[in-house]
Amino acid sequence: VRTTRGDDSRYYPYPPTGEQLDSVTTIISGTDSKPWLKKWYGGVSMTWAIDNMALLAKIIEDGGDEGRQAAIDLGKGEADRLRQVKADAGTYVHDVQEALILWAASPGRTGADIALPVLPEYLEDAWYDDTPLTDVVDFMVTGFLNFVTQFSPAFEATEMAVYNQPLGVAGTLDMIIVLTGYALSPGTGPRGEDEIIACPGSVLAICVDTKTGRSPEGTWKEQLAAYRRMTECLLPMGELCPMPATDCAAVLHLRPEYPDGFLLMLVSAAEDEAAWDRFQSAAGIYRDRQTVKGKPGTVIRPLRADGTMPGPRI
């Protein structure tokens with residue numbers, strides 16, 4: 001469903017018309033400043049270069065006139081490679097999660113034809129920070145299984161394309177779950193925040209986004225706020241329907257350092273509203289920037305000696 005433009009921005013064709021709706025994540029990434037990223041890139045590249053000085057020296061020596069540039073390009077690309085490895089690991093965990101949800105949601109859990117994804121071969125020997133990547137993704141999948149075991153959620157949707165045509169945005173939400181015996185209690189947390197409490201007989205519908213990165217980001221709330229306010233969703237058979245209502249949003253953070261491999265973190269109503277306001281502002285800024293011309297304007301020319309303005313140069 002999601003498509004990439006020539007400038008690497010992503011969009012979703014709106015099924016009734018084919019109109020290009022900007023991806024939620026494209027809008028967020030296009031307006032989110034990460035000042036720490038340059039230092040991280042520099043640190044990763046320098047660390048790799050120091051650890052591989054012999055290799056770089058050989059590339060320079062064997063590469064002739066192009067050897068030096070080849071060595072520079074190799075070092076510069078290490079940070080991108082590492083980020084891509086982590087992103088691909090997260091994608092794999094999401095794919096496993098989707099398969100497990102589809103199996104759990106099948107009648108009588110009879111979906112034997114739903115196969116678990118296979119870890120791509122190029123990731124089998126990769127490292128995730130200082131740990132073999134295979135161990136990390138195993139921890140994360142186990143974290144998801146522990147989440148299901150402990151909360152017993154009913155899954156209403158997974159990897160569902162959602163649309164807000166009036167705002168011109170779309171995306172793919174990870175899942176909508178329903179928890180039985182839970183309720184949202186506004187403002188009763190230790191610091192006055194919302195919390196989830198036990199409430200026998202009550203049901204709670206939650207829009208959940210799964211994250212696997214080490215550090216939580218504020219933009220996660222904006223992503224969830226946008227998903228919750230989509231107006232339509234695409235069902236598996238291609239039918240466009242009204243977006244299901246949810247009571248709140250939460251992040252399922254899968255990390256090996258958590259005792260059970262996961263944390264389910266609520267987004268309070270106030271934070272959700274603030275995040276929605278930020279996302280709408282970001283969407284406006286993103287679109288405005290797409291229409292700005294690269295050239296500032298007409299050329300300002302110096303006056304002639306007689307004080308008149310020269311004509312344009314041919």
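Computed over heavy atoms, backbone and side chain alike; hydrogens, waters and symmetry mates excluded.
- Rounded to the nearest 0.5 Å, atoms CZ (F139) and CD (E257) are 10.5 Å apart.
- Heavy atoms from other residues, nucleotides or ligands lying under 6.0 Å from CE of M46 number 12 at most.
- R287 is listed as a side-chain neighbour of I27, based on a closest heavy-atom distance under 4.5 Å.
- Enclosure of atom CG in D51 by more than 12 non-hydrogen atoms of other residues, nucleotides or ligands within 6.0 angstrom is indicated.
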Original post:
Please walk me through it: do M309 and R304 pass side chain to side chain contact (heavy atoms under 4.5 Å, CB included)?
Top reply: CA-CA 6 Å; M309 180 68 70; R304 297 190 183 97; 5.8 Å; no
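- Checking Y128 against T134 by side-chain atom types alone, no donor-acceptor pair falls below 3.5 Å.
- F144 and F155 have tilted rings, their planes meeting at an angle from 30° to 60° on a 0 to 90° scale.
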Subject >> From CA spacing to verdict: salt bridge (charged side-chain N to carboxylate O under 4.0 Å, His left out), R278, E273 >> reply: CA-CA 9 Å; R278 290 196 303 273; E273 287 294 339; over 6 Å; no
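- A donor-acceptor pair under 3.5 Å links the side-chain atoms of Q290 to the main chain of Y286, judged by distance alone.
- N52 contributes a side-chain N or O that, together with a main-chain N or O of W48, makes up a donor-acceptor pair within less than 3.5 Å.
- In this model, no donor atom of one side chain and acceptor atom of the other lie less than 3.5 Å apart for S185 and E195.
- With K86 as reference, D129 is the one residue of D129, T91, T212 to meet the side-chain hydrogen bond (donor to acceptor under 3.5 Å, both in side chains) rule.
- Using a 4.5 Å cut-off on side-chain heavy atoms (C-beta onward), L224 and E271 make no contact.
- For the side-chain contact (heavy atoms from CB on, under 4.5 Å) criterion with D174, the lone passing option out of T210, V251, V208, T158 is T210.
- Side-chain contact between L100 and V148 is absent, with no heavy-atom pair separated by less than 4.5 Å.
- Atom-to-atom distance recorded for T131:OG1 and D138:CG is 12.0 Å, nearest 0.5 angstrom.
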**OP:** Starting from the C-alpha separation in whole Å, work towards a yes-or-no answer on salt bridge (charged side-chain N to carboxylate O under 4.0 Å, His left out) for R68 and D73.
**Re:** CA-CA 9 Å; R68 183 173 182 274; D73 292 341; over 6 Å; no
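- A heavy-atom distance below 4.5 Å is found between the side chains of P244 and I176.
- Contact between C207 and L173 at its shortest, heavy atoms only, is SG-CD2, 4.3 Å.
- Contact of the L234 side chain with the V162 side chain is not registered, since no non-hydrogen atoms from C-beta on lie closer than 4.5 Å.
- Q84 and D80 are not linked by any side-chain donor-acceptor pair at a separation below 3.5 angstrom, with hydrogens and angles left out of the test.
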**OP:** Please lay out, stage by stage, how I285 and R289 fare under the test side chain to side chain contact (heavy atoms under 4.5 Å, CB included).
**Re:** CA-CA 6 Å; I285 291 171; R289 284 177 176 165; 3.6 Å; yes
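- Rounding to the nearest 0.5 Å places OH of Y227 at 14.0 Å from SG of C233.
- Residues W127 and L55 do not share a hydrophobic cluster, clusters being chains of Ile/Leu/Val/Met/Phe/Trp/Tyr side chains in contact below 4.5 Å.
- Among all heavy-atom pairs drawn from D194 and P186, the shortest one is OD1-CA, 3.2 Å.
- Without hydrogens or angle criteria, R228 side chain to T246 main chain gives a donor-acceptor distance under 3.5 Å.
- In the hydrophobic clustering of ILVMFWY residues, with side-chain heavy atoms under 4.5 Å counting as a link, L266 and L204 come out together.
- Closest approach of L235 and C241 over heavy atoms only: CD1-SG, 3.4 Å.
- A side-chain N or O of Y14 and one of E232 form a donor-acceptor pair less than 3.5 Å apart.
- Note: the hydrophobic cluster containing V178 does not contain M175 (ILVMFWY, side chain heavy atoms under 4.5 Å, direct or indirect links).
- Here S23 contributes atom OG and Y12 contributes atom OH; the two are 5.0 Å apart, rounded to the nearest 0.5 Å.
- Separation of atoms CG (L252) and CZ (F151) is listed at 9.0 Å; rounding is to 0.5 Å.
- The shortest distance between side-chain heavy atoms of F147 and L264 falls below 4.5 Å.
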Original post:
Stepwise, does the side chain to side chain contact (heavy atoms under 4.5 Å, CB included) test hold for V96 with V141?
Top reply: CA-CA 7 Å; V96 172; V141 171; 4.0 Å; yes
Original post:
Taking it one step at a time, do Q150 and D260 satisfy side chain to side chain contact (heavy atoms under 4.5 Å, CB included)?
Top reply: CA-CA 10 Å; Q150 294 178 28; D260 296 319; 3.5 Å; yes
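- Remark: the backbone N or O of Y163 is paired with a side-chain donor or acceptor of T231 at under 3.5 angstrom.
- Taking the six-membered ring for Trp and the full ring otherwise, F262 and H253 have centroids separated by 6.0 Å or more.
- Nearest heavy atom pair, residue I177 against residue P153, reads CB-CB, 4.0 Å.
- Of all heavy-atom pairs spanning L123 and A89, the tightest one is CD1-N, 4.3 Å.
- Put simply, I196 and L263 are part of two different groups of oily side chains (I, L, V, M, F, W, Y) that touch within less than 4.5 Å, one to the next.
- Between Y92 and P120, the shortest heavy-atom contact is CD1-CD, 4.2 Å.
- Counting heavy atoms from C-beta on, the side chains of S281 and F279 never come closer than 4.5 Å.
- With no hydrogens or angles considered, a side-chain donor-acceptor pair links D88 and Y122 at under 3.5 Å.
- Distance CE/M230 to CE/M160: 10.5 Å, rounded to 0.5 Å.
- Within the 3.5 Å criterion, the main-chain N or O of A170 finds no donor-acceptor partner in the side chain of N164.
- Ion pairing between a basic and an acidic side chain is recognised when a charged N comes within 4.0 Å of a carboxylate O; R83 and E78 show no such pairing.
- Side-chain atoms of D306 and T308 include a donor-acceptor pair closer than 3.5 Å.
- Checked by atom type and distance alone, the side chain of D247 never pairs as donor or acceptor with a backbone atom of I206 at under 3.5 Å.
- Both L116 and L254 are members of a single hydrophobic cluster when ILVMFWY side chains are connected at heavy-atom separations under 4.5 Å.
- Note on D22 versus R10: no salt bridge recorded, every NZ/NE/NH1/NH2 to OD/OE distance being 4.0 Å or above.
- The shortest side-chain heavy-atom distance between Y182 and S202 does not fall under the 4.5 Å cut-off.
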